[in-house]
Amino acid sequence: MDEISFFGKALSEPMRIRILSLIARKEGIKAQEMAEKLDLNPATISRHLNILKNCKLITETKQKSHNIYFINHSEFRRWAKQLEGEQFLKVSD
């Protein structure tokens, strides 16, 4: 149940939902650009991005001196399958 709790925590913060939405719309965006668009300081955006990376919801690629962030579509599909099948719930009779 730890994995589902971690996933839920990652998505429980409204700013992280906004970050995911921005990444999804702009597929391939720098942290600095996100910080500017969302009016956040670099430390705050970095903290949110780390939580999303640890949950594997986003990936990053180094490009010159910047990290570029992407949605991890395969992880979202995996979660959708788990939630559809309710595989994370173990209910006993």
Would you tabulate the side-chain donor-acceptor contacts of residues 32-39 under 3.5 Å, counting partners in other chains and residues two or more places apart, or write 'none'?
unit_1, atom_1, unit_2, atom_2, d
Gln32, NE2, Glu36, OE2, 3.3
Glu33, OE2, Lys26, NZ, 2.7

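- In terms of heavy atoms, Asn72 sits closest to Lys56 at ND2-O, 2.9 Å.
- Here the straight-line distance linking atom CZ of Arg78 with atom CZ of Phe7 works out to 8.5 Å at 0.5 Å rounding.
- In this structure, CG in Leu40 is found 11.5 Å from OG in Ser46, a value given to the nearest 0.5 Å.
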Acceptor/donor pairs from residues 14-25 side chains to any protein atom, 3.5 angstrom cut, sequence neighbours excluded:
unit_1, atom_1, unit_2, atom_2, d
Arg16, NE, Ala10, O, 2.9
Arg16, NH1, His48, ND1, 3.0
Arg16, NH2, Lys9, O, 3.2
Arg25, NE, Ser21, O, 3.2

Name every donor-acceptor pair, under 3.5 Å, that has one atom in a side chain of residues 58-66 and the other anywhere in the protein, sequence neighbours excluded.
unit_1, atom_1, unit_2, atom_2, d
Glu60, OE1, Asn67, ND2, 3.2
Glu60, OE1, Tyr69, OH, 3.1
Glu60, OE2, Lys53, NZ, 2.9

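- With respect to Leu57, the side chain to side chain contact (heavy atoms under 4.5 Å, CB included) criterion is satisfied by exactly one of Ile71, Ile51, Leu11: Leu11.
- Here Cys55 contributes atom SG and Trp79 contributes atom CH2; the two are 6.5 Å apart, rounded to the nearest 0.5 Å.
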